[in-house]
Amino acid sequence: MKIIMLGAPGAGKGTQAKKIAAKYGIPHISTGDIFRANLKQGTELGKKAKVYMDQGLLVPDELTCDLVVDRISQPDAVNGYVLDGFPRTIPQAECLTNALKERNESMDIAIDVTVPDENIINRMSGRRACLGCGATYHIEFNPTKTEGVCDACGGELVLRDDDKPETVKKRLDVYHAQTQPLIDYYTKAGILYSVDGTQDIDKVFEDITKKLG
Ligand code: ADP
Ligand code: AMP
(Lines give C-alpha, C1' and ligand atoms only; values in the text may rest on other atoms or scores of the structure.)
(Ligands and ions follow the chains in the order given, each with its own letter.)
Protein backbone atom coordinates (compact mmCIF):
# COMPACT_ATOMS: atom_id res chain seq x y z
CA MET A 1 0.00 0.00 0.00
CA LYS A 2 1.43 3.37 -1.05
CA ILE A 3 0.01 6.20 1.03
CA ILE A 4 0.49 9.98 1.09
CA MET A 5 -0.41 12.02 4.18
CA LEU A 6 -1.61 15.54 3.35
CA GLY A 7 -2.59 18.31 5.75
CA ALA A 8 -1.41 21.51 7.39
CA PRO A 9 1.63 21.48 9.68
CA GLY A 10 0.36 20.11 12.98
CA ALA A 11 -2.74 18.46 11.50
CA GLY A 12 -1.61 15.08 12.83
CA LYS A 13 0.05 13.58 9.72
CA GLY A 14 3.03 12.20 11.62
CA THR A 15 0.91 10.86 14.48
CA GLN A 16 -1.33 8.93 12.07
CA ALA A 17 1.51 7.92 9.71
CA LYS A 18 3.34 6.18 12.57
CA LYS A 19 0.21 4.27 13.54
CA ILE A 20 -0.47 3.27 9.91
CA ALA A 21 3.15 2.14 9.45
CA ALA A 22 2.96 -0.03 12.59
CA LYS A 23 -0.40 -1.59 11.69
CA TYR A 24 0.40 -2.38 8.06
CA GLY A 25 4.12 -3.14 8.49
CA ILE A 26 5.32 -0.52 6.00
CA PRO A 27 7.97 2.19 6.50
CA HIS A 28 7.04 5.69 7.64
CA ILE A 29 8.95 8.14 5.45
CA SER A 30 8.96 11.70 6.79
CA THR A 31 10.98 14.29 4.86
CA GLY A 32 10.96 16.53 7.96
CA ASP A 33 12.53 13.69 10.01
CA ILE A 34 15.10 13.06 7.24
CA PHE A 35 16.09 16.75 7.23
CA ARG A 36 16.28 16.86 11.04
CA ALA A 37 18.43 13.70 11.11
CA ASN A 38 20.77 15.28 8.55
CA LEU A 39 20.90 18.44 10.62
CA LYS A 40 21.85 16.46 13.71
CA GLN A 41 24.59 14.64 11.81
CA GLY A 42 25.88 17.94 10.37
CA THR A 43 25.64 16.87 6.70
CA GLU A 44 25.68 19.36 3.81
CA LEU A 45 22.01 18.59 3.14
CA GLY A 46 21.18 19.27 6.80
CA LYS A 47 22.99 22.61 6.73
CA LYS A 48 21.22 23.68 3.54
CA ALA A 49 17.79 22.56 4.80
CA LYS A 50 18.17 24.36 8.15
CA VAL A 51 18.25 27.79 6.49
CA TYR A 52 14.74 27.21 5.10
CA MET A 53 13.30 25.26 8.02
CA ASP A 54 14.22 27.95 10.55
CA GLN A 55 12.23 30.51 8.55
CA GLY A 56 9.20 28.25 8.13
CA LEU A 57 9.89 28.00 4.40
CA LEU A 58 10.02 24.91 2.21
CA VAL A 59 13.36 23.35 1.33
CA PRO A 60 13.80 23.70 -2.48
CA ASP A 61 12.22 20.95 -4.58
CA GLU A 62 15.52 19.89 -6.14
CA LEU A 63 16.90 18.97 -2.68
CA THR A 64 13.77 17.07 -1.73
CA CYS A 65 12.61 15.08 -4.69
CA ASP A 66 15.66 12.89 -5.41
CA LEU A 67 15.90 12.15 -1.72
CA VAL A 68 12.40 10.68 -1.64
CA VAL A 69 12.72 8.81 -4.94
CA ASP A 70 15.89 7.22 -3.58
CA ARG A 71 14.24 6.36 -0.25
CA ILE A 72 11.20 4.66 -1.84
CA SER A 73 13.59 2.56 -3.94
CA GLN A 74 15.07 0.90 -0.82
CA PRO A 75 14.27 -2.79 -0.23
CA ASP A 76 12.06 -2.13 2.81
CA ALA A 77 9.68 -0.10 0.63
CA VAL A 78 8.80 -2.86 -1.86
CA ASN A 79 5.42 -3.54 -0.24
CA GLY A 80 4.54 0.11 0.15
CA TYR A 81 5.16 3.04 2.47
CA VAL A 82 3.49 6.02 4.07
CA LEU A 83 4.85 9.38 2.95
CA ASP A 84 4.54 12.12 5.59
CA GLY A 85 5.30 15.71 4.60
CA PHE A 86 5.98 14.87 0.96
CA PRO A 87 4.89 15.99 -1.57
CA ARG A 88 4.39 19.58 -0.44
CA THR A 89 4.35 21.34 -3.84
CA ILE A 90 2.92 20.56 -7.28
CA PRO A 91 6.43 20.02 -8.78
CA GLN A 92 7.17 17.50 -5.99
CA ALA A 93 3.88 15.68 -6.72
CA GLU A 94 4.73 15.59 -10.43
CA CYS A 95 8.21 14.29 -9.68
CA LEU A 96 6.71 11.49 -7.57
CA THR A 97 4.04 10.62 -10.14
CA ASN A 98 6.67 10.46 -12.91
CA ALA A 99 9.12 8.38 -10.87
CA LEU A 100 6.36 5.86 -10.13
CA LYS A 101 5.13 5.87 -13.73
CA GLU A 102 8.60 4.78 -14.87
CA ARG A 103 8.11 1.64 -12.77
CA ASN A 104 4.47 1.14 -13.81
CA GLU A 105 3.35 2.06 -10.32
CA SER A 106 1.06 4.69 -8.81
CA MET A 107 0.04 5.92 -5.36
CA ASP A 108 -2.98 4.19 -3.82
CA ILE A 109 -4.38 6.92 -1.60
CA ALA A 110 -3.73 10.48 -0.43
CA ILE A 111 -5.18 11.03 3.05
CA ASP A 112 -5.94 14.67 3.82
CA VAL A 113 -6.09 15.27 7.58
CA THR A 114 -8.22 18.42 7.89
CA VAL A 115 -7.85 20.79 10.84
CA PRO A 116 -8.77 24.51 10.79
CA ASP A 117 -5.94 27.04 11.20
CA GLU A 118 -7.28 28.24 14.57
CA ASN A 119 -6.63 24.81 16.13
CA ILE A 120 -3.13 24.51 14.67
CA ILE A 121 -1.26 27.12 16.73
CA ASN A 122 -2.48 25.48 19.94
CA ARG A 123 -1.47 22.04 18.71
CA MET A 124 2.01 23.15 17.73
CA SER A 125 2.82 25.03 20.92
CA GLY A 126 1.96 21.86 22.87
CA ARG A 127 3.89 19.48 20.59
CA ARG A 128 7.01 17.96 22.11
CA ALA A 129 9.56 16.05 20.04
CA CYS A 130 12.11 13.54 21.32
CA LEU A 131 15.73 14.49 20.62
CA GLY A 132 16.66 10.81 20.69
CA CYS A 133 14.19 8.92 18.48
CA GLY A 134 11.98 11.64 16.95
CA ALA A 135 8.75 10.47 18.62
CA THR A 136 6.16 13.22 19.04
CA TYR A 137 3.77 13.91 21.88
CA HIS A 138 1.41 16.65 22.99
CA ILE A 139 1.46 18.03 26.52
CA GLU A 140 -2.35 17.93 26.68
CA PHE A 141 -3.65 15.59 23.94
CA ASN A 142 -0.96 12.89 23.92
CA PRO A 143 1.17 13.26 27.06
CA THR A 144 4.11 11.08 28.08
CA LYS A 145 3.98 9.02 31.28
CA THR A 146 6.72 11.20 32.83
CA GLU A 147 6.78 14.88 31.87
CA GLY A 148 9.66 15.78 29.54
CA VAL A 149 10.82 12.17 29.04
CA CYS A 150 10.16 10.08 25.91
CA ASP A 151 8.04 6.95 26.56
CA ALA A 152 9.75 5.11 23.71
CA CYS A 153 13.46 5.72 24.40
CA GLY A 154 13.80 7.80 27.57
CA GLY A 155 15.20 10.74 25.54
CA GLU A 156 14.70 14.41 26.34
CA LEU A 157 11.64 16.16 24.87
CA VAL A 158 11.86 19.62 23.33
CA LEU A 159 9.67 22.23 21.62
CA ARG A 160 10.91 22.33 18.02
CA ASP A 161 12.30 25.76 17.05
CA ASP A 162 9.93 25.87 14.09
CA ASP A 163 6.92 25.18 16.35
CA LYS A 164 7.16 28.61 17.96
CA PRO A 165 4.02 30.67 17.13
CA GLU A 166 5.74 33.19 14.79
CA THR A 167 7.18 30.39 12.64
CA VAL A 168 3.96 28.36 12.74
CA LYS A 169 2.05 31.33 11.24
CA LYS A 170 4.57 31.49 8.38
CA ARG A 171 4.36 27.71 7.87
CA LEU A 172 0.57 27.96 7.64
CA ASP A 173 0.84 30.68 4.97
CA VAL A 174 3.30 28.51 3.04
CA TYR A 175 0.94 25.54 3.41
CA HIS A 176 -2.02 27.44 1.95
CA ALA A 177 0.00 28.88 -0.93
CA GLN A 178 2.10 25.86 -1.93
CA THR A 179 0.69 22.65 -0.46
CA GLN A 180 -3.10 23.07 -0.47
CA PRO A 181 -3.22 22.89 -4.32
CA LEU A 182 -2.27 19.21 -3.90
CA ILE A 183 -5.79 18.51 -2.63
CA ASP A 184 -7.05 19.36 -6.11
CA TYR A 185 -4.20 17.43 -7.73
CA TYR A 186 -5.04 14.20 -5.87
CA THR A 187 -8.81 14.74 -6.19
CA LYS A 188 -8.30 14.84 -9.96
CA ALA A 189 -6.15 11.71 -9.70
CA GLY A 190 -9.15 10.07 -7.97
CA ILE A 191 -7.27 9.03 -4.82
CA LEU A 192 -8.10 11.75 -2.26
CA TYR A 193 -9.65 10.74 1.07
CA SER A 194 -10.41 13.47 3.64
CA VAL A 195 -10.57 12.70 7.34
CA ASP A 196 -11.69 15.06 10.12
CA GLY A 197 -8.46 15.70 12.03
CA THR A 198 -10.17 17.57 14.88
CA GLN A 199 -11.40 14.28 16.36
CA ASP A 200 -9.28 12.55 18.98
CA ILE A 201 -6.24 10.61 17.78
CA ASP A 202 -7.81 7.14 18.04
CA LYS A 203 -11.00 8.19 16.23
CA VAL A 204 -9.01 9.70 13.34
CA PHE A 205 -7.09 6.43 13.09
CA GLU A 206 -10.30 4.39 13.19
CA ASP A 207 -11.71 6.38 10.24
CA ILE A 208 -8.46 5.88 8.29
CA THR A 209 -8.27 2.13 8.92
CA LYS A 210 -11.93 1.72 7.93
CA LYS A 211 -11.02 3.29 4.60
CA LEU A 212 -7.77 1.35 4.14
CA GLY A 213 -9.39 -1.95 5.12
P1 ADP B 1 2.10 16.90 11.63
O2 ADP B 1 2.92 15.67 11.40
O3 ADP B 1 0.90 17.00 10.72
O4 ADP B 1 2.90 18.17 11.64
P5 ADP B 1 1.78 15.84 14.35
O6 ADP B 1 1.33 14.44 14.08
O7 ADP B 1 3.17 16.01 14.84
O8 ADP B 1 1.47 16.80 13.09
O9 ADP B 1 0.75 16.47 15.40
C10 ADP B 1 0.93 17.81 15.88
C11 ADP B 1 0.66 17.85 17.40
O12 ADP B 1 -0.73 17.62 17.64
C13 ADP B 1 1.42 16.78 18.18
O14 ADP B 1 1.79 17.32 19.43
C15 ADP B 1 0.39 15.64 18.33
O16 ADP B 1 0.63 14.88 19.52
C17 ADP B 1 -0.93 16.41 18.42
N18 ADP B 1 -2.04 15.70 17.75
C19 ADP B 1 -1.99 14.90 16.66
N20 ADP B 1 -3.22 14.45 16.33
C21 ADP B 1 -4.08 15.01 17.23
C22 ADP B 1 -5.50 14.93 17.45
N23 ADP B 1 -6.29 14.19 16.63
N24 ADP B 1 -6.02 15.64 18.48
C25 ADP B 1 -5.21 16.39 19.28
N26 ADP B 1 -3.88 16.49 19.16
C27 ADP B 1 -3.32 15.81 18.15
P1 AMP C 1 7.67 18.65 9.03
O2 AMP C 1 8.44 17.87 10.04
O3 AMP C 1 7.00 17.80 8.00
O4 AMP C 1 6.71 19.63 9.67
O5 AMP C 1 8.75 19.52 8.22
C6 AMP C 1 9.55 20.48 8.86
C7 AMP C 1 10.19 21.40 7.82
O8 AMP C 1 11.03 20.63 6.94
C9 AMP C 1 9.22 22.13 6.90
O10 AMP C 1 8.70 23.31 7.47
C11 AMP C 1 10.13 22.41 5.69
O12 AMP C 1 11.02 23.49 5.94
C13 AMP C 1 10.97 21.14 5.62
N14 AMP C 1 10.33 20.12 4.75
C15 AMP C 1 9.83 18.91 5.13
N16 AMP C 1 9.31 18.25 4.07
C17 AMP C 1 9.47 19.06 2.98
C18 AMP C 1 9.13 18.96 1.61
N19 AMP C 1 8.49 17.88 1.10
N20 AMP C 1 9.46 20.00 0.80
C21 AMP C 1 10.09 21.08 1.27
N22 AMP C 1 10.42 21.26 2.55
C23 AMP C 1 10.12 20.26 3.42
Side-chain angles (χ1 to χ4, degrees), residues 4-21 28-39 45-46 48-69 71-72 82-96 111-117 119-130 134-144 150-152 157-164 166-175 177-179 182 195-208:
I4 292 171
M5 301 303 296
L6 292 176
K13 300 181 297 295
T15 302
Q16 297 300 326
K18 284 178 189 130
K19 290 168 84 71
I20 294 169
H28 165 216
I29 301 176
S30 154
T31 39
D33 284 353
I34 294 173
F35 290 136
R36 281 184 289 276
N38 272 273
L39 197 58
L45 175 66
K48 280 186 193 156
K50 180 178 168 31
V51 178
Y52 300 93
M53 292 168 82
D54 282 352
Q55 298 176 70
L57 299 174
L58 295 183
V59 176
D61 292 337
E62 56 272 23
L63 292 180
T64 313
C65 210
D66 292 350
L67 185 93
V68 174
V69 172
R71 179 63 188 88
I72 62 175
V82 46
L83 293 181
D84 163 18
F86 181 93
R88 256 180 159 102
T89 64
I90 294 283
Q92 290 180 13
E94 284 170 346
C95 160
L96 177 64
I111 301 173
D112 180 31
V113 185
T114 62
V115 175
D117 284 8
N119 301 25
I120 294 286
I121 306 262
N122 185 19
R123 284 236 185 138
M124 303 294 252
S125 58
R127 171 156 69 180
R128 293 293 178 272
C130 174
T136 45
Y137 301 93
H138 192 283
I139 50 173
E140 186 184 342
F141 307 125
N142 184 21
T144 47
C150 178
D151 286 348
L157 301 183
V158 295
L159 174 68
R160 269 167 51 181
D161 279 342
D162 62 345
D163 280 351
K164 297 187 173 140
E166 331 62 271
T167 317
V168 171
K169 286 197 190 101
K170 180 70 199 163
R171 292 169 69 196
L172 275 173
D173 289 345
V174 168
Y175 166 75
Q178 293 184 263
T179 308
L182 295 182
V195 63
D196 176 1
T198 64
Q199 310 176 93
D200 70 39
I201 292 172
D202 289 339
K203 180 66 175 70
V204 177
F205 188 56
E206 192 187 310
D207 286 359
I208 291 174

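For ligands, and for the atoms within them, numbers begin at 1 and follow the listed sequence. All figures in this text were calculated on a predicted structure; none of them were measured in a lab.
For Asp200, every heavy-atom contact with ligand 1 shorter than 4.0 Å involves the backbone, none the side chain. In Ala8, the part holding a heavy atom less than 4.0 Å from any atom of ligand 1 is the backbone.
The shortest contact between atom 8 (O) of ligand 1 and any protein heavy atom is with Gly12 N, 3.2 Å. Protein heavy atom in closest approach to atom 12 (O) of ligand 1: Arg123 CD, 3.2 Å. Closest protein heavy atom to atom 23 (N) of ligand 1: Gln199 O, 2.8 Å. For atom 14 (O) of ligand 1, the closest heavy atom belonging to the protein is Tyr137 O, 2.7 Å. The shortest contact between atom 7 (O) of ligand 1 and any protein heavy atom is with Arg127 NH1, 2.5 Å. Ile201 CG1, 3.4 Å is the protein heavy atom nearest to atom 21 (C) of ligand 1. Of all protein heavy atoms, the one closest to atom 2 (O) of ligand 1 is Gly14 N, 2.8 Å. The single protein non-hydrogen atom nearest to atom 4 (O) of ligand 1 is Gly10 N, 2.8 Å, given as residue, atom name and distance.
For Gly7, the heavy-atom gap to ligand 1 stays at 4.0 angstrom or more.
In this comparison of Asp202, Thr15, Leu6, Val115, the heavy atom closest to atom 9 (O) of ligand 1 sits on Thr15. One option in Phe205, Phe141, Tyr175 has a heavy atom closer to atom 26 (N) of ligand 1 than any other, and that option is Phe141.
Distances below 4.0 Å separate heavy atoms of Gly197 from the following atoms of ligand 1: 23 (N).
Every N/O-N/O distance between Met124 and ligand 1 stays at or above 3.5 Å. Checking only distances, Asp84 never comes within under 3.5 Å of ligand 1, N or O to N or O.
Within 4.0 Å of ligand 2, the residues that place a heavy atom are Thr31, Gly32, Phe35, Arg36, Met53, Leu57, Leu58, Val59, Thr64, Gly85, Phe86, Arg88, Gln92, Arg160, Asp162, Arg171, listed by chain and number.
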